[in-house]
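Scroll down for the structure; my scribbles are underneath it.
Residues: numbered from 1 along the sequence shown. Being a predicted model, the structure only gives us computed values, none of them experimental.
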Amino acid sequence: MTSTSLHSIPHLSPNSSNPPSSGRGRGWAALCLSFLLCSVMAVAGTPFTIVLDAGHGGKDPGALGKRGSEKNINLSVALAVGRLVEQNMPAIKVIYTRKTDVFVELNERAAIANRAKADLFVSIHTNAVAGNAAARGSETYTLGMHRAADNLAVAQRENEVIMLENDYEQRYEGFDPREAESYIIFELIQDVNMAQSARLATMVQRQLLSAGRPDKGVHQAGFLVLRATSMPSCLVELGYITTPTEESYLLSDAGVSQLAQGIYQAIKSYYESQQ
């Protein structure tokens, strides 16, 4: 949300050589007070807005398991989170980057949130590991420089979706998701929302842990979808589709419900802390 700065209201210097008459002064004061009250009312009347981003979609399946695809898991959980918010927190406006199986470019996902002047952006994804390695658990990311090879690998996999877009080299200014050197830019980014994003991510991770998920922690990494957002944001990796027991959980109604409930509770806690 945006607010009107008091500094944007015109004022007269007390040293002005042509001070207004007392009548005009009172009128000017009344006008300023009216303007300020209208501004506060407009801000107060703006609903708290969250954007739920179901990663991948359409021609981009995301990570694949033996039975399912990441894009469908992400969408199921995002829609379930949205329903919980809409049913239980009518004061919050929910916007989805997609509600069906369609392909949405990474920069458009962030643009949807920016155009809506959203207060929160939550991107929902499903993890994977190569080969026959087994991994379990949920983890949550905020924008930043990866501090470990594992974090880089996750960001690279999620960012590779841009290669399905036309003219991605020009659109993303030469960024190559496969090259580690491209991620140096994230070392230079000073995200003004970093503290709030970390707080949101910690809340999400804590709630997923309470839901019984193995804790993979909160991390920073260079996700393009988070780079362009102008509000507190995080990216959730729900679990590992490449681990059979995890895939079964992610595809189950119970799994979707537990994961959605965890993310919803985190959003609820964050919202209530801002009031």
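- Put simply, the side chain of Tyr96 does not reach to within 4.5 Å of the side chain of Asp53, judged on heavy atoms.
- Under a 3.5 Å cut-off, the side chain of Arg98 and the backbone N or O of His56 do form a donor-acceptor pair.
- Atom CZ of Phe223 and atom OG1 of Thr142 lie 9.5 Å apart (nearest 0.5 Å).
- At a cut-off of 3.5 Å, with distance as the only test, a side-chain donor of Arg199 or Ser273 sits close to an acceptor on the other residue.
- One finds the CD1 atom of Ile267 at 12.0 Å from the CG atom of Asn88 (value rounded to the nearest 0.5 Å).
- Of the N and O atoms on the side chains of Arg67 and Ser248, at least one donor lies less than 3.5 Å from an acceptor on the other residue.
- Other residues, nucleotides and ligands place no more than 12 heavy atoms under 6.0 Å from the CG atom of Asp253.
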Begin with the C-alpha distance, continue with both residues' side-chain angles, and end with the deciding distance and a verdict on side chain to side chain contact (heavy atoms under 4.5 Å, CB included) for Ile241 and Asn127. CA-CA 6 Å; Ile241 195 173; Asn127 224 330; over 6 Å; no
Could you walk me through whether Leu143 and Met194 pass the side chain to side chain contact (heavy atoms under 4.5 Å, CB included) test, one step at a time? CA-CA 8 Å; Leu143 181 67; Met194 189 172 292; over 6 Å; no
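- Under the 4.5 Å side-chain heavy-atom criterion for ILVMFWY residues, no single connected hydrophobic cluster contains both Tyr240 and Leu209.
- Scanning all heavy atoms of the two residues, the minimum distance from Pro232 to Ser197 falls at CA-OG, 3.3 Å.
- With hydrogens and angles left out, the side-chain atoms of Tyr264 and Gln207 include no donor and acceptor closer than 3.5 Å.
- Closest of all the heavy-atom pairs between Thr97 and Ala54 is OG1-N, 3.6 Å.
- Minimum interatomic distance between Val256 and Ser76 (heavy atoms only, all atoms of both residues): CG1-O, 3.9 Å.
- Contact record, Ala91 with Pro47: O-CB, 3.9 Å, taken as the closest heavy-atom pair.
- Cluster annotation: Met89 is connected to Met203 through the hydrophobic network of ILVMFWY side chains, with a link wherever side-chain heavy atoms come within less than 4.5 Å.
- Taking a cutoff of 4.0 Å between a charged side-chain nitrogen and a carboxylate oxygen, Glu272 and Lys268 qualify as a salt bridge.
- Listed for the Thr140 side chain is no donor-acceptor partner under 3.5 Å among the backbone atoms of Val204.
- Ring orientation note: the planes of Phe48 and Tyr270 are tilted relative to one another, at an angle of 30° to 60°.
- No side-chain donor-acceptor contact under 3.5 Å links Glu86 to the backbone of Val94.
- With values rounded to the nearest 0.5 angstrom, Leu84 atom CG is found 5.5 Å from Gln261 atom CD.
- Residues Gln258 and Tyr249 form a side-chain contact, since some pair of their non-hydrogen atoms from C-beta on lies under 4.5 Å apart.
- Hydrophobic clustering keeps Val218 apart from Leu208 (ILVMFWY residues linked when any side-chain heavy atoms are closer than 4.5 Å, directly or through intermediates).
- No donor-acceptor pair under 3.5 Å is formed between the side chain of Arg136 and the backbone N or O of Thr243.
- In the hydrophobic clustering of ILVMFWY residues, with side-chain heavy atoms under 4.5 Å counting as a link, Val77 and Ile92 come out together.
- Atom CG of Leu251 sits about 13.5 Å away from atom NZ of Lys66, to the nearest 0.5 Å.
- A side-chain N or O of Thr126 and one of Asn74 form a donor-acceptor pair less than 3.5 Å apart.
- For Arg115 and Glu108, the salt-bridge test passes: some basic side-chain N is under 4.0 Å from an acidic carboxylate O.
- Summarising the geometry, atom CG belonging to Leu75 is positioned 9.5 Å from atom CD1 belonging to Ile124; distances are rounded to the nearest 0.5 Å.
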Verdict with supporting geometry, Ile50 and Phe121, side chain to side chain contact (heavy atoms under 4.5 Å, CB included): CA-CA 6 Å; Ile50 65 169; Phe121 178 87; over 6 Å; no
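- No donor-acceptor distance shorter than 3.5 angstrom exists from the side chain of Ser269 to the backbone of Ala266, with no hydrogens or angles considered.
- No path of Ile, Leu, Val, Met, Phe, Trp and Tyr side chains, each step under 4.5 Å between heavy atoms, connects Leu64 with Ile73, placing them in separate hydrophobic clusters.
- Distance alone, capped at 3.5 Å, places no donor-acceptor pair between the Glu70 side chain and the Gly62 backbone.
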Take Leu235 and Glu237, measure what side chain to side chain contact (heavy atoms under 4.5 Å, CB included) needs, and give me the verdict at the end. CA-CA 7 Å; Leu235 184 146; Glu237 293 283 0; 3.7 Å; yes
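- Listed for the Thr49 side chain is no donor-acceptor partner under 3.5 Å among the backbone atoms of Asp119.
- Ion pair Asp101/Lys71 flagged as a salt bridge, since at least one NZ, NE, NH1 or NH2 atom sits closer than 4.0 Å to an Asp/Glu carboxylate oxygen.
- Under a 4.0 Å N-O distance rule, the pair Glu246/Arg213 qualifies as a salt bridge.
- Checking side-chain atoms of Ser138 against main-chain N and O of Leu238 turns up a donor-acceptor pair under 3.5 Å.
- Using a distance-only test at 3.5 Å, with no hydrogens or angles considered, no donor-acceptor pair links the side chain of Glu139 to the main chain of Asp215.
- In this structure a side-chain-to-backbone donor-acceptor pair under 3.5 Å is missing from Lys59 to Phe103.
- Side-chain contact check for Leu120 versus Ser233: every heavy-atom pair is 4.5 Å or farther apart.
- The closest side-chain heavy-atom distance from Met231 to Gln196 is not below 4.5 Å.
- Taking each heavy atom of Pro61 and Ser69 in turn, the nearest pair found is O-CB, 3.9 Å.
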